[in-house]
Engineer: 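Okay, here's the structure, questions in a sec.
We use all heavy atoms of the structure for the numbers below, so side chains are in, but hydrogens, waters and symmetry mates are not. Everything numeric in this text was worked out from a predicted model, so none of it was measured.
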Amino acid sequence: MMYRVDEEPGSKGKGGQPPTAKAGPLPPTKTASSQPRRGGEAQPVVETVIACPINETLVLLLGAGPLMSGAQPVLLNGDPTLPGKVPIVSWPLVDNKGHATHGFVALVFTGPLKGERLNSLTFRAQGRAVSYRVSPDLMRPAALAGALGDLAGPGMPAVVDAIVGMLSQGPMSRRKLAAMTSFVEAGAQADGFIEIIGAFEDGDVYLQGWSQEMTPGISRVLIAGATPQIAECTAAAFDRQDLNNKGKGFAAILVAPEAIDPFGMQRLYFRCRDGWRYADVYELRLLASPRETPGYARAILPKVRGSAEVVVRLRQAAYRYEGLDTVSSLALPVRMAIDHALRTEQGGLLISGWFLDPDNRVQEIKLRRRQTSVDLKPAWSRIDRPDVSRAFDGKAPFLSQLDPDRHSHGFVAFIPDFDPDGNAPVYIEFVIPNSPPAYMPVVPKRVTYRDAVARQLKSISARAVSMSEIVERHLIPLVTTAATKSAGIETIEHVGVAASAAADTTLVIGLDEQTTDVASLVALLALDAQIRIAPIVLAGPERTIVELRGEVRRLAQFYGLSVDLVAVSGFTDVFDALIVGAGAAKSDRVVLFSGALVPSERGWFGRLRADHIERDASAIVSPALIYEDESIRWAGYRLSADESGLQLGGLAENYVGYPAATLDTIVSASTPVANLECCILSKSAIAAMEQDGYGYLGNREKGLDLALRLSKAGLKAFWLPGVRVLGAEAPADGMNAWEVHARNIDRAVFNARWAETITTMAQAEAA
């Protein structure tokens with residue numbers, strides 16, 4: 001049954017007058033004519049029912065008629081194509097005037113009407129059809145509950161229970177809960193007060209107070225307040241001498257599908273033997289924080305009475321986490337320490353430390369936050385920590401000598417998406433049979449995924465036996481799930497002369513925090529006449545740009561350069577600088593140039609520009625990169641199944657290590673992907689490229705990743721052997737051990753992302 005937003009219950013609809021009749025007993029109303037038809041046959045009598053909208057597709061109807069109960073077949077608006085069944089509860093009328101013997105309430109789903117108003121319905125009860133007209137006067141749940149109380153009389157509690165049962169079916173919403181509360185409130189009696197409200201980290205609530213009729217056990221209750229809620233209540237009773245045998249105390253745990261707001265609670269409705277009752281929140285109630293609440297539950301625990309299940313639940317609540325380290329005070333030979341807990345950008349948690357339990361007393365170790373829990377034992381990798389063995393051997397409570405051949409006390413675990421918002425306490429819970437749980441606080445430090453991996457690699461011997469497992473199980477997934485935000489422009493400052501209006505190509509120089517001697521690079525570039533007349537964008541992290549501002553301004557004025565200094569926000573690497581810098585260029589054609597490169601000769605910029613002009617805008621062209629010893633560093637890629645060390649996911653590098661003279665007889669050629677360290681392309685192609693969601697530890701695979709996305713978007717890549725730029729790179733044999741692991745991680749991440757795409761490219765080329 002669809003009601004317009006401007007059509008409130010209690011109104012007659014557009015242009016109608018609000019009803020003035022008071023809520024009360026509603027005898028059946030004859031709405032159809034009872035005059036004889038032709039032939040002397042009287043028209044059938046059609047009764048009227050009152051409608052109470054619950055939400056957009058549910059309406060509660062109140063009426064009178066014959067005995068009907070359970071699910072009854074019905075036709076909506078008399079349309080035989082819209083059959084259905086509706087749940088009905090009925091009760092005998094005390095004053096059954098006319099042929100109506102019972103009152104009834106029916107919950108009708110009006111979705112099949114597809115927005116049409118419900119005007120009538122026909123029940124097929126006891127083998128005959130009973131038709132009803134729906135009154136246009138809409139009624140709110142509270143008003144309908146008042147009318148229902150007069151009609152149902154002593155049967156009101158059972159009718160309310162049935163209505164609550166109807167509304168409990170299907171998805172819950174605030175409007176349904178508000179309606180349920182209205183019906184419960186209509187017949188509920190006051191019974192006691194809530195004196196203590198305690199919040200737990202998981203969103204459930206501890207209550208303590210007194211009542212006369214609350215029954216110990218597990219039941220369903222309604223919470224009235226700022227946000228009505230339905231909750232499961234686990235309640236136990238205890239004696240209260242101050243009540244003079246007129247009531248008893250209760251301690252209860254409330255659990256709801258959504259977190260309960262302890263500050264907004266006003267009243268608790270609960271079902272007793274003779275109907276619904278409520279306990280109001282005492283005006284001077286005590287509100288306990290998550291750190292204080294378990295103490296109140298523990299204090300009352302020796303006094304409570306209830307079933308074994310109820311007492312167990314209260315005991316679990318009494319020994320919840322209170323923000324303290326209780327592992328260090330255990331009399332058992334069990335200890336733990338956290339070396340680091342690192343929270344990465346997407347909420348993943350990399351945790352490392354050691355755990356000593358030589359007698360296997362601990363059954364489970366859970367990493368927890370609110371309602372999230374992860375069993376650490378299956379998730380972690382163990383590391384040898386002989387230093388832990390030496391520190392505790394023979395010392396209390398480890399009086400027995402530790403196994404001299406077993407030192408695997410350390411652990412590392414990466415839990416993805418564990419702490420998405422970073423605003424809830426994180427802790428470790430120890431489950432120990434026949435003992436209360438013990439807890440270890442964990443305080444994650446926010447770091448970048450790169451910093452997390454670097455710290456973990458440097459904290460363990462790179463040649464440790466367990467290192468390969470840590471890389472495979474934890475560090476590769478960490479980098480794979482890392483999703484970096486797009487870098488952006490923090491500030492732009494122009495120095496030097498105004499750019500020439502005829503300039504159609506911008507030189508974008510990308511800097512990172514390791515770039516050195518930028519002033520010398522700018523001066524060297526300025527010796528090329530073709531570069532002096534081109535707009536230049538110098539982009540990098542804000543700190544680097546600030547440090548260079550004065551020197552670059554002096555050089556720009558001296559050489560007559562037009563330079564835009566772009567400070568990059570969200571900076572990660574040189575490719576962020578190049579992409580953001582290209583976005584700040586005023587021309588559509590840009591040359592990307594890493595600040596780690598050096599031009600080998602004059603004229604390289606003009607030759608790149610000329611070659612790109614000869615091709616269409618969907619081309620990207622890169623020069624060859626040469627080492628300082630005149631050997632080849634990069635001369636395009638080829639698709640290959642070769643498993644050599646130069647191969648990445650099926651991409652092999654051409655001529656690496658060959659003398660630069662090898663290129664003298666080679667002509668320009670296509671390549672599967674370009675080299676973004678130095679290339680020329682259309683600015684619009686970069687703008688269309690997505691930058692989010694691709695994490696790498698180094699620049700090599702990050703650049704390949706970006707270049708592959710450009711190729712996948714349709715850009716044709718070429719390389720020019722006649723245009724050469726000097727570019728040094730740390731040789732693999734000069735890297736330390738953890739840098740080797742970092743490169744292997746990047747290679748694994750790249751292959752996982754692109755191996756299938758590259759295989760498809762190779763198959764297409766072979767065909």
Engineer: How far does OH of Y269 sit from CD of Q189, to the nearest 0.5 angstrom?
Structural biologist: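 Taking OH in Y269 and CD in Q189, the distance rounds to 12.5 Å.
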Engineer: For W276 and D161, test the side chains for any donor-to-acceptor distance below 3.5 angstrom and give the result as yes or no.
Structural biologist: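 Yes, because at least one side-chain N or O of W276 sits under 3.5 Å from a partner of the opposite role on D161.
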Engineer: Evaluate the side-chain proximity of P262 to I197: yes if any heavy-atom separation is below 4.5 Å, no if none is.
Structural biologist: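 Side chain of I197 against side chain of P262, heavy atoms only: contact under 4.5 Å found.
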Engineer: Could you check if a side-chain atom of R240 sits within less than 4.5 angstrom of a side-chain atom of F238, using non-hydrogen atoms only?
Structural biologist: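 Yes. Closest side-chain heavy atoms under 4.5 Å.
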Engineer: Can you tell me how far apart CE (M336) and OG (S328) are? Round to the nearest 0.5 Å.
Structural biologist: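 Here the interatomic distance stands at 11.0 Å.
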Engineer: Working note: R343 + D419, criterion salt bridge (charged side-chain N to carboxylate O under 4.0 Å, His left out); need CA distance, chi angles, decisive distance, verdict.
Structural biologist: CA-CA 7 Å; R343 181 187 180 276; D419 193 18; 3.5 Å; yes
Engineer: A side-chain contact here means heavy atoms from C-beta on lying under 4.5 Å apart; do V59 and L118 qualify?
Structural biologist: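 Yes, side chains in contact.
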Engineer: Would L207 and I196 satisfy side chain to side chain contact (heavy atoms under 4.5 Å, CB included), going step by step from the backbone distance to the final call?
Structural biologist: CA-CA 6 Å; L207 301 180; I196 298 176; over 6 Å; no
Engineer: Taking Q212 for the side chain and G247 for the main chain, is one N or O donor matched with an acceptor at less than 3.5 Å?
Structural biologist: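 Between the backbone of G247 and the side chain of Q212 there is no qualifying donor-acceptor contact (under 3.5 Å).
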Engineer: So which heavy atom on R117 is nearest to which on P136, and how close?
Structural biologist: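 Here R117 and P136 meet closest at NH2-O, 3.6 Å.
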Engineer: Measure the spacing between OG of S182 and CD1 of I54 and express it to the nearest 0.5 Å.
Structural biologist: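 S182 OG to I54 CD1: 8.5 Å, rounded to 0.5 Å.
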Engineer: For a quick test of reading the model, state the closest non-hydrogen atom pair linking S168 to I230 and the distance between them.
Structural biologist: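 Taking S168 first and I230 second, the nearest heavy atoms are OG-CD1, 4.4 Å.
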Engineer: Between S90 and M68 (side chain of the first, backbone of the second, donor and acceptor by atom type, cut-off under 3.5 Å), is there such a pair?
Structural biologist: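 Judged by distance alone, yes, a pair lies under 3.5 Å.
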Engineer: For residues P290 and E201, report the shortest heavy-atom separation together with the two atoms involved.
Structural biologist: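 Minimum heavy-atom contact is CB-OE2, 3.6 Å.
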Engineer: In sequence, state the C-alpha distance, the side-chain angles, and the governing distance for L177 and L222, and then conclude on side chain to side chain contact (heavy atoms under 4.5 Å, CB included).
Structural biologist: CA-CA 8 Å; L177 281 170; L222 287 172; 4.3 Å; yes
Engineer: If you measure only the distance, is there a donor-acceptor pair under 3.5 Å linking the side chains of R271 and T215?
Structural biologist: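 On atom types as modelled, these side chains do not qualify, holding no pair under 3.5 Å.
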Engineer: Donor-acceptor pair, distance only, cut-off 3.5 Å: does the side chain of Y132 make one with the backbone of A64?
Structural biologist: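 Yes.
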Engineer: Out of N119, N77, L121, which one pairs with V134 under the side-chain contact (heavy atoms from CB on, under 4.5 Å) rule?
Structural biologist: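 Of all the options given, the one that passes is L121.
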Engineer: If we check ring pair (Phe, Tyr, Trp, His ring centres under 6.0 Å) with Y321, which of these qualifies: F430, Y427, F200?
Structural biologist: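 That would be Y427.
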Engineer: Any side-chain heavy atom of I253 sitting closer than 4.5 Å to one from V255?
Structural biologist: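 Counting from C-beta outward, I253 and V255 do come under 4.5 Å.
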Engineer: Where do L367 and L349 land on the side chain to side chain contact (heavy atoms under 4.5 Å, CB included) test, with the steps shown first?
Structural biologist: CA-CA 10 Å; L367 183 67; L349 192 66; 3.8 Å; yes
Engineer: Return the CG to CG distance between L60 and L107, rounded to the nearest 0.5 Å.
Structural biologist: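 Going from the CG atom of L60 to the CG atom of L107 covers 5.5 Å.
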Engineer: With a sphere of 6.0 Å drawn around OH of Y282, does it hold more than 12 non-hydrogen atoms of other residues, nucleotides or ligands?
Structural biologist: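 No, not enclosed.
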Engineer: Taking T326 for the side chain and Y439 for the main chain, is one N or O donor matched with an acceptor at less than 3.5 Å?
Structural biologist: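 Checked: pair present.
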Engineer: I want to check something: taking the side chain as every heavy atom from C-beta on, are F104 and L67 in contact at a cut-off of under 4.5 Å?
Structural biologist: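 Contact flag for F104/L67 side chains = no.
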Engineer: Checking the side chain of K176 only, and the main-chain atoms of L167 only, is there a donor and an acceptor separated by less than 3.5 Å?
Structural biologist: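 Between the backbone of L167 and the side chain of K176 there is a qualifying donor-acceptor contact (under 3.5 Å).
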Engineer: How many angstroms lie between atom OG of S120 and atom CG of L76, to the nearest 0.5 angstrom?
Structural biologist: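 Here the interatomic distance stands at 8.5 Å.
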Engineer: Please name the pair of heavy atoms, one in A279 and one in F270, separated by the smallest distance, quoted to 0.1 Å.
Structural biologist: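 Result for this residue pair: N-CE2, 3.8 Å.
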Engineer: Does E322 pair with R291 as a salt bridge, N-O distance under 4.0 Å?
Structural biologist: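 Looking at E322 and R291, the cut-off is not met.
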Engineer: Which heavy atom of R175 sits nearest a heavy atom of N55, and at what distance?
Structural biologist: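 Closest approach of R175 to N55: CZ-CA, 3.6 Å.
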Engineer: Identify the heavy atoms of L62 and W91 that sit nearest to each other, and give their distance.
Structural biologist: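 Here L62 and W91 meet closest at CD1-CH2, 4.0 Å.
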Engineer: Under a 4.0 Å threshold between the charged nitrogen and the carboxylate oxygen, would D375 count as salt-bridged to K366?
Structural biologist: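 Salt bridge: no.
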Engineer: Quick one, Y206 with Q208, criterion side chain to side chain donor-acceptor pair (under 3.5 Å). Give me CA distance, side-chain angles, the key distance, then yes/no.
Structural biologist: CA-CA 7 Å; Y206 171 79; Q208 193 173 309; 2.6 Å; yes
Engineer: Show your working on salt bridge (charged side-chain N to carboxylate O under 4.0 Å, His left out) between D204 and R320 and close with a plain yes or no.
Structural biologist: CA-CA 12 Å; D204 47 348; R320 289 200 188 182; 2.6 Å; yes
Engineer: Taking the side chain from E292 and the backbone from S289, do they hold a donor-acceptor pair closer than 3.5 Å?
Structural biologist: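 Yes: the side chain of E292 pairs with the backbone of S289.
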Engineer: Salt bridge check: are E364 and K377 linked by an N-O gap of less than 4.0 Å?
Structural biologist: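 So E364 does not pair with K377 through a salt bridge.
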Engineer: Roughly how far, to the nearest 0.5 Å, is CD1 of I50 from CG of L138?
Structural biologist: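 Taking CG in L138 and CD1 in I50, the distance rounds to 10.5 Å.
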Engineer: Side chains of T234 and R313: do they bring a donor and an acceptor to under 3.5 Å?
Structural biologist: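 Short answer, yes.
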Engineer: Around atom NZ of K445, are there more than 12 heavy atoms of other residues, nucleotides or ligands at under 6.0 Å?
Structural biologist: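 Result for NZ/K445: open.
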Engineer: May I ask you to test the E232-I218 pair for a side-chain heavy-atom distance under 4.5 Å?
Structural biologist: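 They are in contact (side-chain heavy atoms under 4.5 Å apart), so the answer is yes.
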Engineer: Might you work through the side chain to side chain donor-acceptor pair (under 3.5 Å) test for T48 and S135, ending with a clear yes or no?
Structural biologist: CA-CA 6 Å; T48 299; S135 171; over 6 Å; no
Engineer: Run D191 and M214 through side chain to side chain contact (heavy atoms under 4.5 Å, CB included) and show every step you take.
Structural biologist: CA-CA 8 Å; D191 186 1; M214 179 179 283; 5.7 Å; no
Engineer: If you count the non-hydrogen atoms of other residues, nucleotides and ligands that lie under 6.0 Å from CG in N245, is the total more than 12?
Structural biologist: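 For N245, atom CG is not crowded (no more than 12 foreign heavy atoms under 6.0 Å).
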Engineer: Salt-bridged, R267 to D280, with N to O below 4.0 Å?
Structural biologist: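 Salt bridge between R267 and D280, a charged N being under 4.0 Å from a carboxylate O: yes.
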Engineer: Check this for me, if you would: do E345 and R446 make a salt bridge, where the nitrogen-to-carboxylate-oxygen distance has to be below 4.0 angstrom?
Structural biologist: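 The answer is no: the pair does not qualify as a salt bridge.
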Engineer: List the steps, then state whether salt bridge (charged side-chain N to carboxylate O under 4.0 Å, His left out) holds for R369 with D421.
Structural biologist: CA-CA 11 Å; R369 72 175 296 278; D421 49 21; 2.6 Å; yes
Engineer: Counting distance only, does the side-chain N/O of D261 pair as donor-acceptor with the main-chain N or O of F263 below 3.5 Å?
Structural biologist: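 Yes; judged by distance alone, with no hydrogens or angles, the pair exists.
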Engineer: Report yes if some heavy atom in the side chain of L148 is under 4.5 Å from a heavy atom in the side chain of V105; otherwise report no.
Structural biologist: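 Touching, per the 4.5 Å side-chain cut-off.
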Engineer: Looking at E213 and K248, is there a salt bridge between them, counting it only when a charged N and a carboxylate O are closer than 4.0 Å?
Structural biologist: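 No, K248 and E213 are not salt-bridged.
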Engineer: Regarding K303 and D239, does a basic nitrogen lie under 4.0 Å from an acidic carboxylate oxygen?
Structural biologist: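 No, K303 and D239 are not salt-bridged.
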Engineer: In this structure, are over 12 heavy atoms from other groups packed under 6.0 Å from R305 atom CZ?
Structural biologist: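 More than 12 within 6.0 Å, yes.
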Engineer: Using side-chain contact (heavy atoms from CB on, under 4.5 Å) as the criterion, point out the one residue from T181, V205, L254 that pairs with I223.
Structural biologist: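 Answer after filtering T181, V205, L254: L254.
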Engineer: When you compare the side chain of R285 with that of I194, does any pair of heavy atoms fall below 4.5 Å?
Structural biologist: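 They are not in side-chain contact.
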